[in-house]
Amino acid sequence: MNPSPNVADLQGSATLAVASLCKQLRAQGRNVLDLSAGEPDFRTPNFAAEAGIAAIEQGFTHYTPVPGTPQLRDAIASYLSTATGKRVDAAGVVVSNGAKQALFNACFSLFGPGDEVLVPVPYWTSYPEILKLARATPMLVPSTEEAGFKITVADLEKAATAATRGIILNSPSNPTGIVYSLEELDALVRWAHNRGLWIISDEIYGRLCFNAERAASILDLDDSLLERSVLIDGASKAFAMTGWRIGFSYCSTALARTINDLQSHVTSGAATPSQYAALAVFRHEPRVQESVNAMVRLFKRRRDRLVAAMTEQVPRATFVSPDGAFYLFFRVDAYFASGRQGSAEFCSWLLEKTGVALVPGIAFGDDRYVRLSFAAPEAEVLGAVERIASALT
């Protein structure tokens, strides 16, 4: 087969590939601890699931407007406005089939051949691939563990060229869990604004923050900095609704119309019952915040116990303690040896030897590291650390 040049160099999702392999091994009877998942291990809140079921029972199973139902777009606008104090126009909201499609829509609408887009490293595995699908060039901006995996204006200055057209930011970060402060975010966005760049801010983990009620948002910044910005968010992570496939973008109404037109030819609107389920979580009700708070408390407790266990049992695997999301990105090149040179070989060796599934850091742009998801029962997470430690000693 000779595939189209559009996809000839496309790399599949490493995280989904690991999850698929784990299912195969379990089917063979292997005792596998899968810590590769990028989704909460909690049920969708009952009230959201019931809203989706009610929509089906009431016959709300036909097409909606491409950018989403008016009720959901209004609820999302109100949700953003209440959180940030900004006036948010529902006309700038486009509901999509997950945040991944919202990212694709934004990149495909904004960038094209000859455009360079700055992508901090480590990055979520799909950023470079989505940019390549748009025929743009991802320009990787390395960060270091010593700098807390955060990039600075100086890093951006070093990487930018005359062809730079945009930047993708992600806080809290997948895979590192780092969270930019408001001041740090302001500095990066102000630099991009002064250069006339587009800013895509991926805030899908925004409410899964351990040191504040939420992470700083691009909407917390001065309005003058937001003319060329796109916010990406959705229901998947904070509300354990990954399979419902509801994400959204928020941007200027002019760009939202372009994104709407693109989506009308790619997928049309998101699934109708899913939109009604999402409507239940984007409303400002005490039960919504209670659901998020309960999840964050459990993730924070797991984070604390995981960090303590890794520090004690795997001391040469260094990391930055995550302040958000549910990942630990730790360095393993000190444990490379024959048959496990590089993160992919290391993860394959570890899975075969211990039954612990991690995601190789090369998928996120740094081959010295691996990603562990603590979106799994605490006993499994701590049990995995014991297995890892026993294999490496």
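The structure displayed is predicted, hence computed values, not measured ones.
Under 4.0 Å is where a charged nitrogen must lie from a carboxylate oxygen, and between Arg195 and Glu157 at least one such pair does.
Using a distance-only test at 3.5 Å, with no hydrogens or angles considered, no donor-acceptor pair links the side chain of Arg303 to the main chain of Ser321. The backbone N or O of Gly38 lies less than 3.5 Å from a partner atom in the side chain of Lys237, making a donor-acceptor pair. Proximity of a side-chain donor or acceptor of Thr82 to a complementary backbone N or O of Ser78 within less than 3.5 Å is detected. Between the side chain of Arg73 and the backbone N or O of Val93 there is at least one donor-acceptor pair closer than 3.5 Å. A donor-acceptor pair is defined here as one N or O able to donate and one able to accept, closer than 3.5 Å; such a pair exists between the side chain of Ser274 and the backbone of Trp244. Remark: the backbone N or O of Gln71 is not paired with any side-chain donor or acceptor of Asp74 at under 3.5 angstrom. Side-chain N or O atoms of Gln275 include one that pairs as donor or acceptor with a backbone N or O of Thr69 at under 3.5 Å. Side chain of Gln263 to backbone of Val95: a donor-acceptor contact under 3.5 angstrom is found. Under a 3.5 Å cut-off, the side chain of Ser173 and the backbone N or O of Asn170 do not form any donor-acceptor pair. A donor-acceptor contact shorter than 3.5 Å is absent between the side chain of Thr125 and the backbone of Phe364.
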(request) Under the side-chain contact (heavy atoms from CB on, under 4.5 Å) rule, what do Asn293 and Val296 come out as? Steps first, then yes or no, please. (result) CA-CA 5 Å; Asn293 289 347; Val296 171; 5.7 Å; no

(request) Test Leu131 against Ile168 for side-chain contact (heavy atoms from CB on, under 4.5 Å), laying out the working first. (result) CA-CA 10 Å; Leu131 289 169; Ile168 299 179; 4.1 Å; yes

(request) List the steps and the verdict of side-chain hydrogen bond (donor to acceptor under 3.5 Å, both in side chains) for Asp155 and Thr152. (result) CA-CA 5 Å; Asp155 297 323; Thr152 65; 3.1 Å; yes

(message) Test side-chain contact (heavy atoms from CB on, under 4.5 Å) on Leu169 and Val189; report intermediate values, then the result.
(response) CA-CA 9 Å; Leu169 299 174; Val189 171; 4.1 Å; yes

(request) Take Glu290 and Arg287 through the salt bridge (Lys or Arg N to Asp or Glu O under 4.0 Å) test and state the conclusion after the steps. (result) CA-CA 5 Å; Glu290 288 166 7; Arg287 61 183 180 176; over 6 Å; no

(request) Please test Leu255 against Tyr250 for side-chain contact (heavy atoms from CB on, under 4.5 Å), starting from the C-alpha separation and ending with a verdict. (result) CA-CA 9 Å; Leu255 177 56; Tyr250 175 66; over 6 Å; no

(message) Apply salt bridge (Lys or Arg N to Asp or Glu O under 4.0 Å) to residues Lys150 and Glu184 and explain how you reach the verdict.
(response) CA-CA 9 Å; Lys150 294 181 179 181; Glu184 291 167 336; 2.9 Å; yes

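The hydrophobic clustering, which links ILVMFWY residues whose side-chain heavy atoms are closer than 4.5 Å, places Leu221 and Val153 together. At a threshold of 4.5 Å between side-chain heavy atoms, the hydrophobic network of Ile, Leu, Val, Met, Phe, Trp and Tyr places Leu208 and Val179 in two separate groups. A continuous path of ILVMFWY side-chain contacts below 4.5 Å connects Phe336 to Leu392, so both sit in one hydrophobic cluster. Cluster membership check: Val320 shares its hydrophobic cluster with Leu372, using side-chain heavy-atom separations under 4.5 Å among Ile, Leu, Val, Met, Phe, Trp and Tyr. Residues Leu110 and Val117 fall within the same hydrophobic cluster, defined by Ile, Leu, Val, Met, Phe, Trp and Tyr side chains chained together at heavy-atom separations under 4.5 Å.
Between atom CD1 of residue Ile178 and atom CG of residue Asn174 there is a gap of 11.0 Å, rounded to the nearest 0.5 Å. To the nearest 0.5 angstrom, Leu225 atom CG is 6.0 Å from Asp186 atom CG. If you take OG on Ser348 and CZ on Arg340, they are separated by 12.5 Å, rounding to the nearest 0.5 Å. Put simply, CZ on Arg387 and CD on Gln313 are 13.0 Å apart, with the number rounded to the nearest 0.5 Å. For the atom pair OG of Ser96 and CD1 of Ile232, the computed distance is 7.0 Å after rounding to the nearest 0.5 Å. Between the CD1 atom of Ile56 and the OG1 atom of Thr61 there is a distance of 8.0 Å, given to the nearest 0.5 Å.
Counting only heavy atoms from C-beta outward, the side chains of Phe248 and Leu80 approach each other to under 4.5 Å. Between Tyr127 and Pro138, the closest side-chain pair of non-hydrogen atoms is not below 4.5 Å. Side-chain contact between Leu185 and Ser171: absent, with no pair of heavy atoms (C-beta onward) separated by less than 4.5 Å. Considering only heavy atoms from C-beta on, Leu328 comes within 4.5 Å of Met310 through its side chain. In this structure the side chain of Thr161 reaches within 4.5 angstrom of the side chain of Glu116, judged on heavy atoms. Considering only heavy atoms from C-beta on, Phe326 stays 4.5 Å or farther from Met295 through its side chain. For the pair Trp191 and Leu197, the minimum side-chain heavy-atom distance is below 4.5 Å. Put simply, the side chain of Thr272 does not reach to within 4.5 Å of the side chain of His62, judged on heavy atoms.
Applying the side-chain contact (heavy atoms from CB on, under 4.5 Å) test between Tyr79 and each of Val88, Asp233, Val288 identifies Asp233 as the sole match. With Phe239 as the partner, the ring-ring contact (aromatic ring centres under 6.0 Å, His included) test is satisfied by one option alone out of Phe282, Phe42, Tyr205, Phe47: Phe282. Under the salt bridge (Lys or Arg N to Asp or Glu O under 4.0 Å) rule, Glu378 has a single partner from Lys300, Arg305, Arg302, which is Arg305. In summary, of the residues considered (Tyr180, Tyr369, Tyr327), a ring-ring contact (aromatic ring centres under 6.0 Å, His included) with Phe149 occurs for Tyr369 alone.
Annotation for Pro122 and Thr176: closest pair CG-CG2, 3.7 Å, computed over non-hydrogen atoms. When all heavy atoms of Ser143 and Ile151 are compared, the closest pair comes out as CB-CG2, 4.1 Å. Pairing each heavy atom of Ala375 with each of Pro40, the nearest pair is CB-CA, 4.1 Å. For the pair Val266 and Gln101, the tightest heavy-atom approach, listed with the atom from each and the gap, is CG1-NE2, 4.3 Å. Between Ala344 and Asp367 the shortest heavy-atom distance is N-OD1, 4.2 Å. The two atoms that bring Ser224 and His193 nearest to each other are O-CE1, 3.0 Å, heavy atoms only.
A donor-acceptor contact closer than 3.5 angstrom links the side chains of Glu39 and Thr242. A donor-acceptor pair shorter than 3.5 Å cannot be found between the side chains of Asp220 and Ser217. A donor-acceptor contact closer than 3.5 angstrom links the side chains of Arg207 and Gln289.
Around CD1 of Ile362, the count of heavy atoms belonging to other residues, nucleotides or ligands within 6.0 Å does not exceed 12. More than 12 heavy atoms of other residues, nucleotides or ligands shown are found within 6.0 angstrom of CD on Gln58. Within 6.0 Å of atom CD in Glu213, 12 or fewer heavy atoms from other residues, nucleotides or ligands are found, so the atom counts as exposed in its surroundings.
Classification of the Phe346-Trp349 ring pair by plane angle, with boundaries at 30° and 60°, yields tilted.
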